Asker: 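Handing you this structure, nothing more for now.
In this text the structure is predicted, and so the values were computed from the model without any measurement. Values reported hereafter were calculated over all heavy atoms of this structure, with side chains retained and with hydrogens, waters and symmetry mates removed.
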Amino acid sequence: MSTANLKSITREEVEKHNKKGDLWIVIDSIVYDLSKFARLHPGGEGVLYDADVAGQDATSVFYGLHRQEVLEKPQYQRLRIGVIEGETPKVKPFVAGELSRVPYGEPTWLTPPFKSPYYKESHRALQKAMRKYVDEVVYPDAQACEESGKRASAEVLKSMGEETGINRMRLGPGKHLHGHKLMGGIVKGEEFDYFHELIITQEMVRGGARGYADGLNGGMVIGLPPVLNFAKEPLRTKVLTEVFNADKVISLAISEAFAGSDVQGLRCTATKSEDGSYWTINGTKKWITGGMHSDYFTVGCRTEGGLTVFLVPRGEGVETKPIKTSYSAAAGTAYITFDNVKVPSENMLGPEDGGLLVILSNFNHERWVMCCGSARGSRFIVEECMKWAAQRQVFGKPLLAQPVIRQKLAFMLAKVESLQAWLESVTYQLCQMSYKEQSKYLAGQIAFLKMLCTRVSGEIADEAVQIFGGRGITKTGMGKFIEQHQRTQKFDAILGGAEEVLGDLGVRQAMRAMPKDQRL
Ligand code: HEM
């Protein structure tokens, strides 16, 4: 916050303005005239006339009750009338694109002087560009829409199209990126790897809006790969172009009221016409992320000999209704009904009755993306707790002076550090292995990693609420991100395979590899 145009005022002068109709206070060496604002103050008028507030330096009490962003709002910046003579403010205002300097606020690879073997120059450049993009473009929209429940603005959705290539990048490394200059040419499509994708996902989390984030093409990350890998031309190019260009939205419609993690239990049916030229789809789908906003649905259906996946455009017989979940309606979570919906046989994705393979083929990627998001989301919450513990005064001391708080922070920090380290190790393996090797060797690792990420996320939610107290269960103000995290962290523990199912998958996969000749 620049103080260049502010006049110099002495503390003695400020002290004279300490009553109703003539009220000045000092926050971080800046003098605010609250004479008119006092009666509009959301925290009440009376608190501002306390002897240690009116005409006084209220820095400590202010930061115990408000986020810094309050002072950065234009309507409150207008209350500034001067700066204390000979002083300069100490609190650094938020600068878009900057790294956090809170210890452990960033993963070690972004924390000097730590080194990492995984990240090259293009990773670092992408991180910088993404941070600025999220801070400037995504964050304001995310905060507004999470609250209003509206979908992301048309400008933000469009900016994720070919302008930046974010939609393309979110599908992971591959030929669909070749020949493309991404994020204004920072990364060449050919060199894009899983670490670049990790960066995109982890930076997007910093929008600080869980429902909005899922609504921001979260459905595309899981719904478009079957089109990319299994659709026939010309449908494939048409749909990819439309979605990458942000002209159309797609989501994955697998789970049903009848079957969630158990994909073999699906009841939505597809019946082939006599001449084989089209299929008729009947059934329902539940918890479809982005379904309310979608033009296309990648739908898992029961067919005569198993499961088959179809690309279903929104049209006659397709109805979407919003589901009220514990996060924002900005996610566009839908209940879908397919009532005699006819789709041409060209819309079949993968082989007839071979849909299980199509569905399973993207599970590792989907779960790994969720690990990237969950691990970063947990770190964001720990950063909030670090700041709060340092600035909040209780029993006359900073909260941090309480050993019980330090103990909580110790476990939180140790956990987020371990998750990121394991995530980067798995990401390195993804970069080295062929798709076949990934399926064989990494399904268990990724399943365990996701299980642990979401368990830790739950533990961190629990501890963070205890640290923030009542503010951790209040939707606005100091604890707003803690409240949101504790309310929404369960999404990751359920979506993309429930924690228990994933743990079991990992153990079964490990046991299949147990050598027959081993004995205790
Ligand atoms: C420039 C000066 C100030 C501005 C612009 C301001 C603004 C606000 C705003 C917008 C809120 C709503 C909650 C939030 O968004 O964080 C709030 C709450 C509050 N404010 Fe202030 N405030 C100022 C100074 C103070 C001071 C000096 C005190 C000292 C006692 C104070 C006490 C409170 C209290 C007790 C609450 C309720 C907090 C809660 O619900 O947890 N405010 N203020």
Asker: Going by an N to O cut-off under 4.0 Å, is there a salt bridge joining Asp33 and Arg80?
Answerer: no
Asker: Is the Trp422 to Phe448 ring centre distance short of 6.0 Å?
Answerer: no
Asker: What do you reckon, is NZ of Lys19 surrounded by more than 12 foreign heavy atoms closer than 6.0 Å?
Answerer: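 Enclosed.
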Asker: A quick test of your reading: do over 12 heavy atoms of other residues, nucleotides or ligands sit less than 6.0 Å from CZ of Phe411?
Answerer: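 Not more than 12 within 6.0 Å, no.
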Asker: Applying side-chain hydrogen bond (donor to acceptor under 3.5 Å, both in side chains) between Gln420 and each of Arg376, Arg379, Gln202, report the one that passes.
Answerer: Gln202
Asker: Does Val426 offer a backbone N or O that forms a donor-acceptor pair with the side chain of Gln445 under 3.5 Å?
Answerer: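 Not a single qualifying donor-acceptor pair exists.
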Asker: For the pair Gln484 (side chain) and Arg210 (backbone), establish whether a donor and an acceptor sit closer than 3.5 Å, ignoring hydrogens and angles.
Answerer: yes
Asker: Would you check if the side chain of Asn167 reaches a backbone N or O of Val243 as a donor-acceptor pair within less than 3.5 Å?
Answerer: yes
Asker: Check Glu499 with Arg455, please: is the shortest side-chain N to carboxylate O separation under 4.0 Å?
Answerer: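 Salt bridge between Arg455 and Glu499, a charged N being under 4.0 Å from a carboxylate O: yes.
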Asker: When you measure from the side chain of Asp141 to the backbone of Ser153, do you find a donor-acceptor pair of N or O atoms at a distance under 3.5 Å?
Answerer: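 Yes, Asp141 side chain to Ser153 backbone: donor-acceptor pair under 3.5 Å.
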Asker: Identify whether the distance between the nearest side-chain nitrogen and carboxylate oxygen of Glu256 and Arg267 falls below 4.0 Å.
Answerer: no
Asker: Does Glu463 reach the main-chain N or O of Leu409 with its side chain, forming a donor-acceptor pair under 3.5 Å?
Answerer: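 Answer holds: no.
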Asker: Which class fits the ring pair His123 and Tyr119: parallel under 30°, tilted 30 to 60°, perpendicular over 60°?
Answerer: perpendicular
Asker: Decide side-chain hydrogen bond (donor to acceptor under 3.5 Å, both in side chains) for Gln68 and Tyr63; before the verdict, give the C-alpha distance in whole Å, the side-chain angles of both, and the deciding distance to 0.1 Å.
Answerer: CA-CA 7 Å; Gln68 164 70 7; Tyr63 283 110; 2.5 Å; yes
Asker: Just wondering, more than 12 heavy atoms not from Tyr49 lying within 6.0 Å of its OH?
Answerer: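 Buried by this count: over 12 neighbours within 6.0 Å.
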Asker: Stepwise, does the side-chain hydrogen bond (donor to acceptor under 3.5 Å, both in side chains) test hold for Glu383 with Ser100?
Answerer: CA-CA 9 Å; Glu383 185 188 357; Ser100 167; 2.7 Å; yes
Asker: Is the backbone N or O of Ala401 less than 3.5 Å from a side-chain atom of Arg406, with the two atoms forming a donor-acceptor pair by type?
Answerer: yes
Asker: Does this structure show an ion pair linking Arg131 with Asp135, if we count only N-O contacts that are shorter than 4.0 Å?
Answerer: no
Asker: Within the side chain of Lys115, is there an N or O that forms a donor-acceptor pair under 3.5 Å with the backbone of Pro113?
Answerer: yes
Asker: Evaluate the side-chain proximity of Val221 to Thr201: yes if any heavy-atom separation is below 4.5 Å, no if none is.
Answerer: no
Asker: For Gly64, is there any backbone N or O sitting under 3.5 Å from a side-chain donor or acceptor partner on Arg392?
Answerer: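 Yes, the answer is positive, given that a donor and an acceptor are paired below the 3.5 Å cut-off.
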Asker: Lys285 and Phe338: side chain to side chain contact (heavy atoms under 4.5 Å, CB included), yes or no, with the steps?
Answerer: CA-CA 8 Å; Lys285 294 286 168 187; Phe338 297 107; 3.7 Å; yes
Asker: Side chain of Ser374, backbone of Met370: donor and acceptor closer than 3.5 Å?
Answerer: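 Checked: no pair found.
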Asker: Check for me whether the distance between the ring centres of His485 and Phe481 falls short of 6.0 Å.
Answerer: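 Not close enough - the centres of the two rings lie 6.0 Å or further apart.
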Asker: Just by distance, do the side chain of Asp28 and the backbone of Val91 share a donor-acceptor pair under 3.5 Å?
Answerer: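 Here the side-chain-to-backbone pair exists.
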Asker: How about Tyr76 and Phe37: are their ring centres within less than 6.0 Å of each other?
Answerer: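 Centroid distance Tyr76-Phe37: below 6.0 Å, so yes.
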